[in-house]
Structure formats: C-alpha cells, structure tokens
Amino acid sequence: MYYEFRKIEKKWQRNWQKAKSFCARIAPDKKKYYLLEMFPYPSGKIHMGHVRNYTIGDVASRFKILEGYNVMHPMGFDAFGQPAENAAIKNKTKPDAWTHKCIREMENELKKMGFSYDWEREVSTCDSSYYKWNQWIFLKMLERGLAYKKASAVNWCPNCATTLANEEVVDGGCWRCQAKVEQKDLEQWYLNITEYKERLLEDLRQLSNWPERVVSMQENWIGKSQGVEIYFKLKDSKRTISVFTTRVDTIFGATYIVLAPEHPLVKELIKGKPQENAALKFIDKVAQESKVVRASSDVKKEGIFTGSFAVNPVNNEEVPVWLADYVLMEYGTGAIMAVPTHDQRDFLFAKEHGLGMRVVIQPKEKNVQSIDELTEAYEGEGRQVNSGEFDGLSSQEAKIKIAEWMERKGIGKIQTHWRLRDWLISRQRYWGTPIPVIYCPKCGVVPVPYKDLPVELPKDAPFTGEGGNPLGKVKKFVEVKCPKCKGLARRETDTMATFFDSSWYFLRFCSPKFKNGPFDEKETAYWMTVDQYIGGIEHAILHLLYSRFFTKFFKDIGMINFDEPFNRLLTQGMVLKDGEVMSKSKGNIVDPDIMIQKYGADTLRLFILFAAPPETELEWDDRGLEGSHKFLNRVWRIQENLKDKADPALARALHKTIKKVTQDFREFKFNTAIASMMELTNAIYQSAADKDVFSKLIIMLSPICPHFCEELWQILGNKGSVLKAGWPEVDPHMLVEDSLTIVIQVNGKVRLKIEVPAEIAESQLKEMVLADARLTPWIQNKPVKNFILVPKKLINIVV
RNA sequence: GCCGGGAUGGCGAAAUUGGCAAACGCACGAGACUUAAAAUCUCGCGGUCGCAAGACCUUGUGGGUUCAAGUCCCUCUCCCGGCACCA
C-alpha cells in the first residue's frame, strides 16, 4: 500500500554514489551549467532553511541534467568562524576537531536529502589547502596596495580582550560577558574595496537577472551622493573649513556651520574663548558615547558654540561655528553648513539655540513673508529668493548654476561622496586564516614569501576563553625570523574575517584540488560564470558585494575575463512556523531529520516546493506535508494498476503538462509545476492509466522526488537511471484541440459558454452567436453597439 | 525621510501578462467501503438572496482608462525589507 521510502531512498543514494552520477568534467561539446547554492556554515545539523535552499538548487540541477546540459553542482563548507572557538572553550576540544566532526554530520544530513552534489569537489575553508590561497590572494592585494594597515577606532571588550563587530555590541555592552564596550584605536588590516566603488555601482546594471531589491540594497549600501564641497574661511585665522552639501541651492540661507566634535580644527577654534572649558567638556561627553547610542535618531541633538565665526563665501556674511553631536566625522568632511529654513534638523537646532534663519527658496503654492510663520523647514523645490544673482531661478536650475559659479570663483568644488567604507578584515581570533605578514623591528611590515605559504594555524593553541587571541600565546607561531634580514621578528596574530573565505569559493569549486594557484584558469574559463546562484536574502549586501569585488580584482590581475560572477540570482524566502522565523529561543523549530524519518526526503522536497513559490516566505504546515506524502502514495498506486492502453485525451493532457512544467521549471515556479503534475495525475487516475503518459510524468517529477521516481522508472522496466531518460518534448500537434470553449459575454458579463469546432470561421461564429436564443434575455431587441471577438477565447457583445 | 517589495476564500496559493477570479493543495462538510476506526474513493466547499433554475456582489481604500481591470494610471491606508542624525 505505502511505498517504502526508507529502503528506496537509501538504495538510490548508494546507486548515485557508485555510478558517480553527478561528477562533472569539462565537456567542450556540451553546454555547461554551473549551479551553485550558498555553502553552509557547518553547524552539524541542517535546518529547514538549508532544506529549502538546497532543494530548489537540486531540482534546477536535475532538470538541467535531463535537458542535456553538462551540470556542475558543487558543495562545501564555510568552516571558519567563532562558534568553533566557543565550542572549544566549552567542551575542552579543539576548533579543528569540532569543525570536522560537524562537517561529517552535515555531509550525512545533506546526503539523506538526496542532493545531486559532486562530492569530489567538496572544499572546506578551514583546510590549509584552501586558506593557503586566501593568503596568496591577500599578498597579491598587498602588492597592489589593495590591502593596507591603519589605526582606527574599534569596539573593544576589556574583559574578553578582543574586538567586537558592531553587531556584537548589545546595549553598549559585550554580547558575551556584558562588560562595557570601549572605543579603542587599533592597527587593523583593511581591503581597499572603495577603489572599486564606481565599478561596483556601475556594473549593477549588468545584473538584470538579479532580484531588483538586492540590486537596490547594494546601491543603498554603496551610497553615491553628489553635491558640492564649500570652503568657509575662518574669521581671524588663515584656516578654512570645508563643508559638504547636496543642497547647494540653499547656500544663501546658511546661517551657521556645525563641526563634528572630533573635527581636527576644533581645539584651535575654542582656544582662549570664554566657552573653552564648556566646549571641552562637551567634546569629552560625546567621545564617551558609543556610536550606536549616538546614531539613534530619537536622542535630542546637543551642541555648543565654539566662540569662533566663519565667512559664508557666497555673501561674505559672518556665521557662527558650532559643535554638535549629530555631525559625524566619518561622513562628508565632518562639517556641515546649516540652513534652518530648508532642513528640518537644522530648523529644530536653530530654534533650540536661537540661531538666525533666512528663506531662500519659496514654495510654489505659497509665499512665505516672515520667518515667524515657519513651523517647520521647507525641504522641497521652489523658486530662489535672497540668493543674489540667482533670484528667480528654479531651485533645480540653481543647484547646477550655483555649483558651476562656485567652481569658477574657487569657493567650492563639485564632489561625490560615498557611503561605502573600506573593508576591515582583521579579527583577533584563532579560527580563521592567519594574515600572512611578519613584523620586523628593522624591516617593518614584511609579507610572508609565497614559497612559505600556507601559514598554518598551530594545532596546540590554548583555549581558555581568557586573555585574548589564543594565537598570541603560541610562541613558536609568533616568534619567527624576518624573511628579509633573518633577524628576530614577530608574526601577525590577527586572522581574516570569514567573509574573505567566501568571496571566491565559487572559483575554487572549478578546480578544487589545483596546486598552482587559487584556481585553474582553464577550468574557470569553461565553468564560470555561475549560471544560477541561490541563497538567503541575508547575504544580499556583504557576501555578494565582496564576491563581486574579488571577481573584479581577479579580472584586473588577468586571471579571468568577466566582470560579474553570478549571472542569475535567486533569493529564497524564509521558512516560518506560526508566522515566525524558526529559532531555538522561540522553540518553534521543525527538525528536517524527523520529517525525513517520518515521510522520507522526497515528501519533504515535494512539500517545500509546493507550499509557496521560492522567493516568498513559506509557512510550515505538518498537514501540508502529509498531503504531499498522500500524493506520492497515489502515484505509487497508479503504477500498481497500470494498463497498457492509449487514451488520446490523456495524451493531449500530457503534452499540455509538459509544456507548462518545462516553462515553470525554467522560471523556478515549482509550485505551479507540481500543481499541473497533480492535475495530470488525477487525469491518469480517471482514465484507468496509460503507461506512456505515466512514464513521462515520472520523468518530469524526478527532479523533485528523485528516489521515488528512480524506483518507479526501474519498475516500469527501464534500464539505467531516470537521469538519462531525457526531458520529454512537447509535440505541438498534440496541443491542437479539435473543439474550443468560447466564453460569451454581454456587456462584459459572462452569459454563456459554447463549444465550437476549432477551425470555425470568425464570421460563422459571429452569426451563430448572434442567432443563439439563449442570449435573447440579455440582448433583447437592443442594437448591438460593439462586437468584440478574441480569437479562440471570448466574445463580448456590447448592446 | 529616501529606496525596494507586497496586500486575492477559513489557510498556503493560482490566474496564459488586459479576456471565465479562486487552478492545485490544506482544512472543513456529506456520502461509499468497514462490525468500527484508519486508509482509500465520490461529491460539495468566496459571500448574499433563493426549495431550485438562477440573480447580484467579491482581489486593502477611493477614483480613472477600456468593450473588458486582480493585472494599466492616479489617491490614500496598512504590512515587510534595506539605508539613514548622510549634510
């Protein structure tokens, strides 16, 4: 009665492995297809998110195999990262052992799902055969000035003695020990991703097969903004303060300027002024605040007068110079011109501190006579007033004219600012790729010579959870000879952020065992670019941006000849339970393993694809899963009662289904593909079966439920795997119906449906319809005003 | 605030891109088989009125274009995501 999924699934997983069914090799005569899903962090257990991500990929892969493509579908592990270190501390083990154990468990779980991976290409980023090439890439970047070291303020936990990422600071404290996080200046390694900002932005246009929202998220992140840098001379000083604005049309309304408290000119500005002490106190107070607190917009803007004045270069007006916590040193020039009448934040600040205002843009619909009428700033467009020679221009025109005028007079410069910052890659942690440099007291920063790579992680580092990076405590790792002068030197103990590892793994998959470089250029020339990439939306910005950056770098050093790594991108939606994301803390996790035991992998795969289209959120439903299982049992039962008889109506239904399923698979609309296969199944059921039609159904279902279909394929008497069956083709003759159902509307309302021969002439059809007595109640004797005929579909009679 | 996405039965969702709204499934109801249950099979299942045939209404709101709008245009409401004291 029930099909024996446990036996069947094991059997076919073994068969595929034995036959190396998914082993990909270059085949110049076949079209290649590189299908990639974002590789997982090896936590040891897969969750429903993985199941969904990898099932979508697997169906695409198997479909392309059936269509005759040479498919590469690799899998590996993003294996460096903090959880391994935490586990080492907690369980008195080593990150290395813990990670490898997790990888083995994870491989097992993935194999139980029956995914079509080429396991011979498996890579783990924590293996030195992989991270050696991280170090190689780093050195290449160092040579080109793309990797550099600089001091910067970072979040520092004094208790754990390590830096924290912004995401690891919770309410101003360390996420692990709650100690108050400090700002500390540290020398850190950066990658100069900003050198690629123009191309990273520009090339987004090539990505027409990416979801719009991912493209727009990257655009936001890169954050190009065009404006003008304006030079304000200080009164009683030779110094100049530069401010940046995107609203140069409001320059004549600038009534004060504001500096960030960290601005380098501040000390000089307040020196000897009555406000000096109060200002110093204010600067100190702001410095104490963490960035997170300072950036929260509901906190009241605070500020203080410096005692100094500057000169507005467009009208030589003296304006006071203030300090305020809402101006950030990191953005623009660290100084702004304030226009209270046309910027709401400046408006509130000016009201609070009694600063001057002047209207310079009149809204179209009303005329502001006096400042006192203003209850808020007008930030829209309008006509220039109080703006010297620019009066009367529209603000859009003025923006261009004023900028050009300022450039000519040398009081401003048209400029572009970017949000994108250089990428901080140093981590004070053990479980990552050692940054391959050596510090020599004589020679300074010395790169590790290529021949000495990889710099391997020492196996015997102590994991106590205290005293910072365990690497620093391994003497024979730290104490080295300088490669240049052979004198005593110290090795870098920082490791790379794990995003480095995942920024090029898709290239490594093309030649995972290559020994002479990060990848074999012959292999990448054949396999790249990735035809379809599939993964979570959470990687929409960082991972995808970094991968694009690395790709452009490899192109620049002549190793590849394309600009973008991922041709098509699909971001799958999350799996929810009771409307919420599954999480341990909410206790609403559904374990895929238990579902596999209960219903089998094929049922799980079927349900997860049927329940929702891939991009939308999916609500988990135990009964829906059962329903999918019932469907498979139903198909199985049909097989038991198969008769060898041909049914022409069924054959037509088959070809309609082939057409629909083929289209849907190409567009990743698996839910509707399954729906139409269910319809066909119901039709076969009604017709007491047809072996040929049934066989084709099995081929079409096989990418989704591969074990189940392999077994049926064999039972049907076929030799070899269903993977070799070839995708069924649509016979266009079979799509032609001999009769059609035409919908008849009167005044847009459906009144009748009629069956007509497919080849009926339009004039004949029209005559027939108008003569039809069943329509008389609607038409009566009213004259026909309009007769619309949509061929083969519909007629609308307007009376 | 700016940018992007979205809103369709009790639920998940379909709708050939302007042409029969609700395919497919879940849940539910009735029946068949069974001593009974499970499984399976058959039928019903947006709303209102009606014994029925059927009629009218229905895709977040209000308007528009059109012979015809879930789909196109404008207005508003709400939800999700990204960026943001960003100058």
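Throughout, a chain's letter reflects where its sequence line sits, starting with A, and its residues are numbered from 1. Model, not experiment: these values are computed from the prediction.
Of the C1' atoms belonging to B:A52 and B:A37, the separation is 38 Å, rounded to the nearest Å. Remark: the separation of the C1' atoms in B:G44 and B:C56 is 22 Å, to the nearest Å. The same atom, C1', is picked in B:C24 and in B:U35; the two are 37 Å apart, to the nearest Å. Look at the P atom in both B:U58 and B:A14: the space between them is 24 Å, to the nearest Å. With P as the reference atom, B:U59 and B:A22 are 14 Å apart, rounded to whole Å. Of the C1' atoms belonging to B:A27 and B:C11, the separation is 7 Å, rounded to the nearest Å. Taking atom C1' on both B:A53 and B:G63, the two are 37 Å apart, rounded to the nearest angstrom. Distance check on atom C1': B:U71 versus B:U66 gives 13 Å, rounded to whole Å.
Between A:H629 atom NE2 and A:Y3 atom OH the span is 5.5 Å, to the nearest 0.5 Å. Note that CG of A:N53 and CG of A:L570 are 9.0 Å apart. Values are rounded to the nearest 0.5 Å.
Classified by its glycosidic torsion, B:U17 falls in the syn category, the angle being within 90° of 0. In textbook terms, a nucleotide whose glycosidic angle is within 90° of 0 is syn, while B:G46, being further out, is anti.
For A:I336, the side-chain atoms get nearest to B:A87 when compared with the rest of B:A87, B:G19, B:C83. With B:C83, B:C24, B:A87 as the choices, the nucleotide that has an atom nearest any side-chain atom of A:F610 turns out to be B:C24. Closest to the A:N796 side chain, of the nucleotides B:C28, B:C56, B:G19, is B:G19. Closest to the side chain of A:R345, out of B:A23, B:A27, B:C85, is B:C85. With B:C83, B:A55, B:A87 as the candidates, the nucleotide lying closest to the side chain of A:R751 is B:A55. When the nucleotides B:C20, B:A87, B:C56 are ranked by their closest atom to the side chain of A:V750, B:C20 comes out on top. Set against B:A27, B:A13, B:G19, the side chain of A:A612 has B:A13 as its closest nucleotide. In this structure, the nucleotide among B:C24, B:G4, B:C83 sitting nearest to the side chain of A:E679 is B:C24. Considering only the side chain of A:N220, B:C83 comes nearest among B:C20, B:C41, B:C83.
In this structure, A:I704 and A:D602 approach most closely via the heavy-atom pair O-OD1, 4.3 Å. In terms of heavy-atom proximity, A:L323 sits nearest to A:V258 at C-CG1, 3.9 Å. The shortest non-hydrogen separation linking A:I257 to A:A310 is CD1-CB, 3.9 Å.
For the OP1/OP2 pair of B:C57 and a distance below 4.0 Å, the side-chain nitrogens and oxygens of A:K749 include at least one atom meeting the criterion. The shortest distance between the side-chain N/O atoms of A:Y685 and the OP1/OP2 oxygens of B:C41 is below 4.0 Å. For B:A39, the OP1/OP2 oxygens have no side-chain nitrogen or oxygen of A:R634 closer than 4.0 Å. A sub-4.0 Å separation between OP1 or OP2 of B:G25 and a side-chain N or O of A:N671 is absent. A close approach under 4.0 Å does not occur between any side-chain nitrogen or oxygen of A:R213 and OP1 or OP2 of B:G6. A sub-4.0 Å separation between OP1 or OP2 of B:C85 and a side-chain N or O of A:Q344 is absent. For A:R419 and B:A84, the shortest distance from a side-chain N or O to OP1 or OP2 is below 4.0 Å.
Among the heavy atoms of the strands lying under 4.0 Å from A:V798 are primed sugar atoms or P, OP1, OP2 only; no base atom is included. No contact: A:E619 has no heavy atom under 4.0 Å from any strand. Within the nucleic acid shown, A:E617 comes within 4.0 Å of sugar-phosphate atoms alone, with no base atom in reach, counting heavy atoms only. Across all strands, A:N682 comes closer than 4.0 Å only to sugar-phosphate atoms, never to a base (heavy-atom distances). Here A:K630 lies in heavy-atom contact (under 4.0 Å) with sugar-phosphate atoms only.
B:C41: Watson-Crick or G-U partner is B:G31, with both key distances under 3.5 Å. Using the Watson-Crick or G-U wobble rule with both distances under 3.5 Å, B:U71 pairs with nothing in any strand shown. Here B:A13 sits opposite no nucleotide as a Watson-Crick or G-U wobble pair (both hydrogen-bonding atom distances under 3.5 Å). Remark: B:G18 base-pairs with no nucleotide in the shown strands. Criterion, Watson-Crick or G-U wobble with two distances under 3.5 Å. Remark: B:U77 base-pairs with B:A7. Criterion, Watson-Crick or G-U wobble with two distances under 3.5 Å. Remark: B:U66 base-pairs with no nucleotide in the shown strands. Criterion, Watson-Crick or G-U wobble with two distances under 3.5 Å.
Here B:C85 presents its P atom at 16 Å from NE2 of A:H417, a figure rounded to the nearest Å. In this structure, A:I638 atom CD1 and B:U40 atom P are separated by 13 Å, rounded to whole Å. In this structure, A:E219 places its CD atom 17 Å from P of B:G82, rounding to the nearest Å. Taking atom CG of A:L794 as the reference point, atom P of B:A68 lies 12 Å away to the nearest angstrom. The interatomic distance linking A:M574 (CE) with B:G6 (P) rounds to 17 Å, in whole Å. Atom CG of A:L576 is separated from atom C1' of B:C79 by 14 Å (rounded to the nearest Å). Taking atom NZ of residue A:K413 and atom P of nucleotide B:A87, one finds them 19 Å apart after rounding to whole Å. Distance, A:L420 CG to B:C86 P: 19 Å, rounded to whole Å.
Looking at which nucleotide of RNA chain B each of A:G334 and A:E379 is closest to, the 5′-most match is held by A:E379. Taking the nucleotide of RNA chain B with the nearest heavy atom to each of A:F244 and A:P613, the more 5' of the two is matched to A:P613.
The distance between the ring centers of A:F670 and A:F668 falls below 6.0 angstrom.
Under a cut-off of 6.0 angstrom, the local environment of CD in A:Q344 is crowded, with over 12 non-hydrogen atoms contributed by other residues, nucleotides or ligands.
The existence of a salt bridge linking A:R213 and A:E615 is excluded, since no basic side-chain nitrogen approaches an acidic carboxylate oxygen closer than 4.0 Å.
Counting distance only, with no hydrogens placed and no angle test, the side-chain atoms of A:N786 and the base atoms of B:C67 include no donor-acceptor pair under 3.5 Å.
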Does A:R421 form a salt bridge (charged side-chain N to carboxylate O under 4.0 Å, His left out) with A:E330? I'd like the steps, not just the answer. CA-CA 9 Å; A:R421 296 288 101 135; A:E330 301 85 60; over 6 Å; no

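Not one N or O on the side chain of A:D346 forms a donor-acceptor pair closer than 3.5 Å with the backbone of A:H342.
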